[in-house]
Amino acid sequence: MLFWGSKATSALAIVFISSVLMSYPAPSHAQYRANGDDLALLFCSYVRANDSKGFRNALRDLRLRLRDIYPRVRCNGSSMIQFSAISNAYDIGRFIAHSVLIDDLYSSGDIAWVKDLEATHPIAEVVRARSQAVRTER
């Protein structure tokens, strides 16, 4: 005996169940491509949570590079580095400061912003070191 008594009923039940499951798509990172605000919100939430692993995984899943999105993503009006310092998310702030282009640090105002921070601030140390390394090369 089959699942509800006949082959037709079983086939109908399978078709119904699969159509219900297929009508509710699972959210994925690919959906963030459509809306830049959602993409910024995704990355800003990783920064606030100090989740470097999730941040890197999202970049990889979306096939993006940090240096490509950094100049355009703002978190509450601040750059991601500034937002990480405000959120006390020092690990991801240092990661971002190491990863972005030095020109983006200048254009986003991070170099000027770091001048107002204390010398021992963990993120400021990385930004200052990158800035000084560029000065010695030029």
Would you mind writing out the side-chain donor-acceptor pairs for residues 94-102 within the sub-3.5 Å range, not counting sequence neighbours?
{"unit_1": "R94", "atom_1": "NH1", "unit_2": "P122", "atom_2": "O", "d": "3.2"}
{"unit_1": "S99", "atom_1": "OG", "unit_2": "F95", "atom_2": "O", "d": "2.7"}

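One hydrophobic cluster, built from ILVMFWY side chains closer than 4.5 Å, holds both Y106 and W113. No continuous path of ILVMFWY side-chain contacts below 4.5 Å connects V126 to I92, so the two sit in separate hydrophobic clusters.
Within the 4.5 Å cutoff, no side-chain heavy atoms of V127 are placed close to those of L117. Looking at heavy atoms from C-beta onward, I81 lies out of side-chain contact with V114 at the 4.5 angstrom threshold. Side-chain contact between L62 and F43 is present, with heavy atoms from C-beta onward closer than 4.5 Å.
How far CG of L66 is from CZ of R56: 11.0 Å, rounded to the nearest 0.5 Å. Residue D110 holds its CG atom at 9.5 Å from CE of M80, rounded to the nearest 0.5 Å. Separation of atoms CD (E125) and OG1 (T120) is listed at 6.5 Å; rounding is to 0.5 Å.
Judged as a disulfide (SG to SG under 2.5 Å), the pairs with a partner in residues 48-79 (not counting sequence neighbours) are, in order, C44-C75. Residue pairs meeting the disulfide (SG to SG under 2.5 Å) criterion with at least one member in residues 79-123, sequence neighbours excluded, do not occur. Each disulfide (SG to SG under 2.5 Å) pair with one or both residues in residues 94-131, not counting sequence neighbours, would appear here, but there are none.
Shown here are the ring-ring contact (aromatic ring centres under 6.0 Å, His included) partners of H121, two or more places apart in sequence or in another chain: Y90. For R74, the salt bridge (charged side-chain N to carboxylate O under 4.0 Å, His left out) criterion is met by no residue, not counting sequence neighbours.
In terms of heavy atoms, G93 sits closest to S84 at CA-OG, 3.2 Å.
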Item to check | Chi angles and distances behind the side chain to side chain contact (heavy atoms under 4.5 Å, CB included) call for N76, I86 | outcome: CA-CA 10 Å; N76 291 340; I86 292 166; over 6 Å; no
